[in-house]
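Take a look at the structure below.
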Amino acid sequence: MTGISNLPNFYAGQLSTVEIEAGAHRELIGGFWEEIGALQFGFLVGRGLRPEMILLDVGCGCLRGGVHFIRYLDEGHYFGMDANASLLRAGYDYELERMNLQERAPRGNFLENENFEAWRFGVEFDFALAQSVFTHLPREWLRLCLGHLARCVRRGGEFYFTYFECPDDWPSSLSRTCDAHGGATFPDRDPFHYRVHELRECASGLPWLFENIGPWGHPRGQHIALYIRE
């Protein structure tokens, strides 16, 4: 399960400089630039994120949340990882530059990687976040991510991730309409939905404790959950 061809097709395309300057990167990640960026920031600070902590943004894209975290955290304490190089470029060269934040986040703090190998940073993280990543990927990718993050999130560290929730009694083969999302979610294709017990099972045999949190004010109806590193 490697290679960018396995990622959602809409996310594999590379944006040109002209497209980035026109703001296409903000649309590629789903819009709601201000709303979801502020939501991520406020949520993690409310859960105990402090400036001296080290944060990993999994699927950081063009830094919709990153611009908030970089401004808040101690210099060099934000790390971002994404599979799409053009989104990373848009975040660093456009979004951070326009906010005069590049000096607070060295370019080496960003990694193009499609397999969640965050241990390649050589850093131990206090918090990790994956916002609207596993809404586009099936369970085996979540388990892959958990395996890699177990190598670089400290004991007691917290990994938050968002997902579309499906009730346990919903027929396993059927799609489900999500009004806030504006369409359907599916058990076997993008956008994916998850049952809570499936999320718990993804950590089976790995050093994580699972805690479901639920709704958190996401404009597309995504829920949020937590894995705590044992």
Side-chain angles (χ1 to χ4, degrees), residues 1-8 11-12 29 40 43-44 47-66 69-70 72-89 91-92 96 102 104-163 194 198-211 224-230:
M1 189 171 57
T2 60
I4 200 165
S5 61
N6 292 302
L7 295 174
Y11 203 72
I29 63 168
Q40 295 175 67
F43 179 84
L44 284 195
R47 298 289 294 195
L49 180 68
R50 302 188 304 273
E52 68 272 17
M53 290 180 168
I54 300 177
L55 170 67
L56 171 67
D57 195 347
V58 178
C60 64
C62 48
L63 309 184
R64 177 170 53 185
F69 292 119
I70 290 167
Y72 171 76
L73 294 170
D74 288 349
E75 187 173 326
H77 281 211
Y78 174 91
F79 290 78
M81 176 174 62
D82 202 274
N84 189 304
S86 67
L87 287 179
L88 289 172
R89 188 174 72 252
Y92 196 87
L96 293 190
Q102 287 178 326
R104 297 188 56 80
R107 194 177 290 272
N109 282 26
F110 297 91
L111 175 66
E112 179 192 353
N113 188 280
E114 60 198 51
N115 293 311
F116 306 112
E117 296 166 331
W119 47 267
R120 293 186 180 276
F121 283 116
V123 172
E124 188 174 62
F125 298 102
D126 299 295
F127 272 57
L129 172 68
Q131 199 288 132
S132 197
V133 174
F134 298 105
T135 52
H136 300 295
L137 295 170
R139 280 176 284 174
E140 55 265 31
W141 282 86
L142 175 55
R143 183 167 174 81
L144 176 70
C145 181
L146 288 170
H148 287 305
L149 293 192
R151 299 175 58 178
C152 56
V153 173
R154 66 167 176 81
R155 289 188 176 182
E158 300 177 357
F159 171 40
Y160 294 89
F161 64 101
T162 68
Y163 70 99
Y194 289 81
E198 293 172 334
L199 299 174
R200 184 175 290 107
E201 290 167 1
C202 282
S204 177
L206 297 173
W208 296 99
L209 296 174
F210 173 76
E211 176 188 328
I224 197 164
L226 165 66
Y227 292 105
I228 302 171
R229 178 69 166 83
E230 292 187 288

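His148 places no side-chain N or O within donor-acceptor distance of the main-chain N or O of Ala118, the cut-off being under 3.5 Å. Within the 3.5 Å criterion, the main-chain N or O of Cys152 finds no donor-acceptor partner in the side chain of Arg229. Judged by distance alone, the side chain of Arg104 and the main-chain N or O of Ile70 form a donor-acceptor pair under 3.5 Å. A donor-acceptor pair under 3.5 Å is formed between the side chain of Asp82 and the backbone N or O of Asn84.
One distance of note links CZ of Arg200 with CG of Leu209; it measures 10.5 Å at 0.5 Å rounding. Taken from NE2 in His136 to CH2 in Trp141, the straight-line distance is 13.5 Å, to the nearest 0.5 Å. Rounding to the nearest 0.5 angstrom, the gap separating the SG atom in Cys145 from the CD atom in Glu117 is 11.0 Å. Distance check, rounded to the nearest 0.5 Å: CZ of Phe69 to CG of Leu129 gives 5.5 Å. In this structure, His77 NE2 and Arg50 CZ are separated by 12.0 Å, a value rounded to the nearest 0.5 Å. A distance of 8.5 Å separates CZ in Arg120 from CZ in Arg151, rounded to the nearest 0.5 Å.
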Requested in this report: Report the C-alpha separation of Gln131 and Arg64 in whole Å, then their side-chain angles, then the decisive distance to 0.1 Å, and conclude whether the side chain to side chain contact (heavy atoms under 4.5 Å, CB included) test is met.
Outcome: CA-CA 10 Å; Gln131 199 288 132; Arg64 177 170 53 185; 3.1 Å; yes
Query raised in the report: Could you go step by step and tell me if Leu73 and Leu49 meet the side chain to side chain contact (heavy atoms under 4.5 Å, CB included) rule?
Result: CA-CA 9 Å; Leu73 294 170; Leu49 180 68; 4.1 Å; yes
Report task. List the steps, then state whether side chain to side chain contact (heavy atoms under 4.5 Å, CB included) holds for Arg154 with Asp126. Result -> CA-CA 6 Å; Arg154 66 167 176 81; Asp126 299 295; 2.6 Å; yes
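Shortest non-hydrogen contact noted between Arg47 and Tyr160 is NE-OH, 3.0 Å. For the residue pair Ala128 and Leu149, the shortest heavy atom distance occurs at CB-CD1, 4.4 Å. Closest non-hydrogen pair, Leu142 versus Cys202, comes out as CD2-SG, 3.9 Å. Scanning both residues, Phe134 and Tyr194, for their nearest heavy atoms gives O-CE1, 3.1 Å. Pairing each heavy atom of Ala203 with each of Trp208, the nearest pair is CB-CB, 4.0 Å. The shortest non-hydrogen separation linking Leu88 to Cys60 is CD2-SG, 3.5 Å.
No more than 12 heavy-atom neighbours from other residues, nucleotides or ligands sit within 6.0 angstrom of CZ on Arg139.
The one candidate from Phe79, Phe121, Phe127 that meets the side-chain contact (heavy atoms from CB on, under 4.5 Å) condition with Ile54 is Phe79.
Not less than 6.0 angstrom separates the ring centroid of Tyr163 from the ring centroid of Tyr227. The distance between the ring centers of Phe125 and Phe159 does not fall below 6.0 angstrom.
A heavy-atom distance below 4.5 Å is not found between the side chains of Val153 and Leu56.
Note: Tyr78 and Phe110 have tilted aromatic rings, judged against thresholds of 30 and 60 degrees for the angle between ring planes.
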